[in-house]
Amino acid sequence: MSVVSALYRNGPNAGMVEFQEKLRLQQESSMHTELEKLLTTAKPSETEISRKDFEGFTRLFHRFLQEKGPSIDWAKIQRPPEDSVQPYEKIKLKGLPADVASSLNKLAVVKLNGGLGTSMGCKGPKSLISVRNENTFLDLTVQQIEHLNKSYNADVPLVLMNSFNTDEDTKKILQKYTHNRVKIHTFNQSRYPRINKESLLPVATNMGLTGENEEAWYPPGHGDIYTSFYNSGLLDKLIAEGKEYIFVSNIDNLGATVDLHILNHLMNQPGDKRCEFVMEVTDKTRADVKGGTLTQYDGKLRLLEIAQVPKAQVDEFKSVTKFKIFNTNNLWISLPAIKRLHEKNAMDMEIIVNPKTLDGGLNVIQLETAVGAAMKSFDNVLGINVPRSRFLPVKTTSDLLLVMSNLYSMNAGSLTMSPKREFPTTPHVKLGSSFTKVRDFLKRFESIPDMLELDHLTVSGDVTFGKQVTVKGTVIIIANHGDRIDIPAGAMLENKIVSGNLRILDH
């Protein structure tokens, strides 16, 4: 029987509780022994960093062994009070002060840059994928902040939270920005050991990242930002430079630009009422039903993720009528508050248990946390219901097609919906498996179609697009197995279903 089975079988009678406690202590002791063994294999220059990482991991592991069942009581969940989620329009009405620079000089922008481009068939950091006119996610971010600094004669630095997967490649590329008017800092999120699901011990045999240990490590989710930011020394450095807030977002969310109205709102609160944590939320659509939402729980505003929801309530959680908003992961957080909470060990985040199967078939678990989950630990927290345009993530090539198209125009690294589009909504695009990898996707489009009047596009199978194709309304193109469809150059498809075989050959 696995350790996990032993831990969770039977009810909480006295003998069982005692047995479980002994088992837990034994498990913690075994984990401690294994981690100490691993540390003996670390390079001297990495021992201190790895020890700090393992301290964080041990705290998480201890909580994992103690917690049983769902971390929330569904009956206690309430809708957030009206005044706890403010409409963006109300905040915008205040206008901007004459001296925007003084607010900007108290801000640093943090981009979560730990992810690889593997889901889109790319090697290396996802932030180095070209998304628009040969510009990568990182290029666009640097352009946005440089534009702010030049326009307002300000000094907003860019901070990248890298992972051991992305750090080396990112640092190489940063040299190209030495002449840009943006100070760039980096720090690394922690490196935690994956745990064997049966034995609950690390699968790593040493601290190496190659060979048999290539899959033995993971970056523990973006909730790790608080600890790794503090441990890096960068938090104290920024506070010493007069920075008061960080604006945190995913580097692949092209809508997450510095919003001067939200910044102004933060800076103009009375001292004792100052928001320590602002979460940008936006209205749910059917595409967002799995997104985390804001609730009131035990008198505190709290992020509720689908992983925390009891199975019987999942449909209720996905309901667009009860939970109307979701978390964009654009967050504005007070630096002194992060320092205070970290030093008091008062940052409370739910554990996300993420099961994985390694290439060899071994079942492992990763213990992770989410940055937004710490919301309930801060004082004077606020949700701001922002326009959908502030949530423009590029997770797939379907998203990439949208941002490469004429639906968006680009100015100083920022993408905005084209004024030529009559409806502000984003079309629904679903590209099939032939388009998953960026390389294959690019080969299938001689040029990106005109999508200004598109509502819905589904493409499946072996399909290619010639130059200057226009798609309008609802267009569905399906090439069945063995068939191929070439959409000819200059074609205009409006409310069409195309199926079967269509090949145009050079004469």
Side-chain angles (χ1 to χ4, degrees), residues 96 99-114 125 127-128 135-163 166-189 222 224-267 275-278 280 329-339 342 371 390 412-414:
L96 292 174
D99 185 15
V100 171
S102 68
S103 295
L104 281 170
N105 287 335
K106 293 173 184 169
L107 180 73
V109 172
V110 178
K111 291 288 183 183
L112 304 173
N113 184 46
S127 57
L128 306 185
N135 288 295
T136 65
F137 290 104
L138 189 52
D139 291 336
L140 295 176
T141 302
V142 171
Q143 286 169 30
Q144 289 163 17
I145 300 174
E146 181 177 50
H147 178 66
L148 265 183
N149 286 338
K150 282 181 172 175
S151 301
Y152 295 99
N153 194 23
D155 177 22
V156 179
L158 169 62
V159 179
L160 298 172
M161 180 168 90
N162 299 337
S163 67
T166 63
D167 189 53
E168 197 178 326
D169 289 337
T170 301
K171 280 181 175 164
K172 278 180 195 165
I173 219 83
L174 289 182
Q175 293 165 13
K176 78 186 239 194
Y177 306 117
T178 46
H179 299 297
N180 289 73
R181 190 170 160 179
V182 184
K183 286 180 192 158
I184 304 178
H185 307 281
T186 65
F187 69 97
N188 261 10
Q189 66 185 114
H222 41 56
D224 180 57
I225 185 173
Y226 304 109
T227 298
S228 50
F229 195 24
Y230 183 93
N231 287 344
S232 71
L234 203 47
L235 177 72
D236 284 332
K237 177 180 162 62
L238 290 174
I239 290 173
E241 289 174 3
K243 306 301 177 195
E244 294 179 16
Y245 283 95
I246 49 173
F247 171 51
V248 181
S249 63
N250 300 342
I251 200 155
D252 64 6
N253 178 6
L254 294 176
T257 56
V258 172
D259 186 281
L260 297 176
H261 296 282
I262 295 175
L263 178 64
N264 183 46
H265 179 75
L266 287 173
M267 292 300 175
C275 286
E276 291 188 344
F277 192 108
V278 167
E280 293 185 34
N329 220 35
N330 300 348
L331 309 168
W332 303 74
I333 314 173
S334 157
L335 287 170
I338 295 174
K339 183 176 168 70
H342 183 81
V371 58
R390 292 195 53 76
S414 297

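This is a predicted model, so every value here is computed, not measured. Residue indices begin at 1 and follow the sequence shown.
The structure places OH of Tyr177 at 9.0 Å from CG of Leu158, a figure rounded to the nearest 0.5 Å. Leu160 CG to Ser127 OG: the interatomic distance, rounded to the nearest 0.5 Å, is 7.0 Å. Interatomic distance, Asn135 CG to Leu140 CG, rounded to the nearest 0.5 Å: 5.0 Å. Summarising the geometry, atom CD1 belonging to Ile145 is positioned 10.0 Å from atom OG1 belonging to Thr257; distances are rounded to the nearest 0.5 Å. Rounding to the nearest 0.5 Å places CG of Asn180 at 7.5 Å from NZ of Lys150. Atom CZ of Arg181 sits about 9.5 Å away from atom OG of Ser151, to the nearest 0.5 Å.
The residue from Glu280, Arg390, Lys111 that alone fulfils the side chain to side chain donor-acceptor pair (under 3.5 Å) condition with Ser249 is Lys111.
Side-chain contact between Ile225 and Gln189 is absent, with no heavy-atom pair separated by less than 4.5 Å. Side-chain atoms of Trp332 and Val258, non-hydrogen and from C-beta on, do get closer than 4.5 Å to each other.
Residues Met161 and Ser228 share a closest heavy-atom pair of SD-OG, 4.0 Å. Nearest heavy atoms, Gln144 versus Ser414: CG-OG, 3.6 Å. Scanning both residues, Val156 and Leu104, for their nearest heavy atoms gives CG2-O, 3.4 Å. Closest non-hydrogen pair, Leu128 versus Asp169, comes out as CD1-O, 4.2 Å. Contact between Lys243 and Pro157 at its shortest, heavy atoms only, is CE-CD, 3.7 Å.
Checking side-chain atoms of Asp139 against main-chain N and O of Thr136 turns up a donor-acceptor pair under 3.5 Å. At least one donor-acceptor pair closer than 3.5 Å links the side chain of Tyr226 to the backbone N or O of Val371. The closest donor-acceptor contact from the side chain of Gln143 to the backbone of Ala412 lies at 3.5 Å or more, if one exists at all. For Thr178 (side chain) and Gln175 (main-chain N/O), a donor-acceptor pair under 3.5 Å exists by modelled atom type. The backbone N or O of Asn113 sits less than 3.5 Å from a side-chain atom of Thr166, completing a donor-acceptor pair. Using modelled atom types, no side-chain atom of Asn250 and backbone atom of Leu112 make a donor-acceptor pair closer than 3.5 Å. In this structure a side-chain-to-backbone donor-acceptor pair under 3.5 Å is missing from Glu146 to Val182.
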For this session: Run the numbers on Asp236 and Leu238 for side-chain contact (heavy atoms from CB on, under 4.5 Å), then give the verdict.
Result: CA-CA 6 Å; Asp236 284 332; Leu238 290 174; over 6 Å; no
Problem set entry | Residues Leu148, Leu260; criterion side-chain contact (heavy atoms from CB on, under 4.5 Å); working and verdict | CA-CA 10 Å; Leu148 265 183; Leu260 297 176; 4.2 Å; yes
Exercise. Leu107 and Leu266: side-chain contact (heavy atoms from CB on, under 4.5 Å), yes or no, with the steps?
Worked result: CA-CA 11 Å; Leu107 180 73; Leu266 287 173; over 6 Å; no
For this session: Applying side-chain contact (heavy atoms from CB on, under 4.5 Å), run through Ile246 and Leu235 and close with a yes or a no.
Result: CA-CA 10 Å; Ile246 49 173; Leu235 177 72; over 6 Å; no
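Every residue meeting the ring pair (Phe, Tyr, Trp, His ring centres under 6.0 Å) condition with His342, not counting sequence neighbours, appears here in chain and number order: Tyr230. For Glu241, the side chain to side chain donor-acceptor pair (under 3.5 Å) partners two or more places apart in sequence, or in a different chain, are Lys237. Here Phe229 pairs with Phe187 under the ring pair (Phe, Tyr, Trp, His ring centres under 6.0 Å) rule; sequence neighbours left out.
Remark: the Asn253 side chain and the Asn330 side chain contain an N/O donor-acceptor pair separated by less than 3.5 Å.
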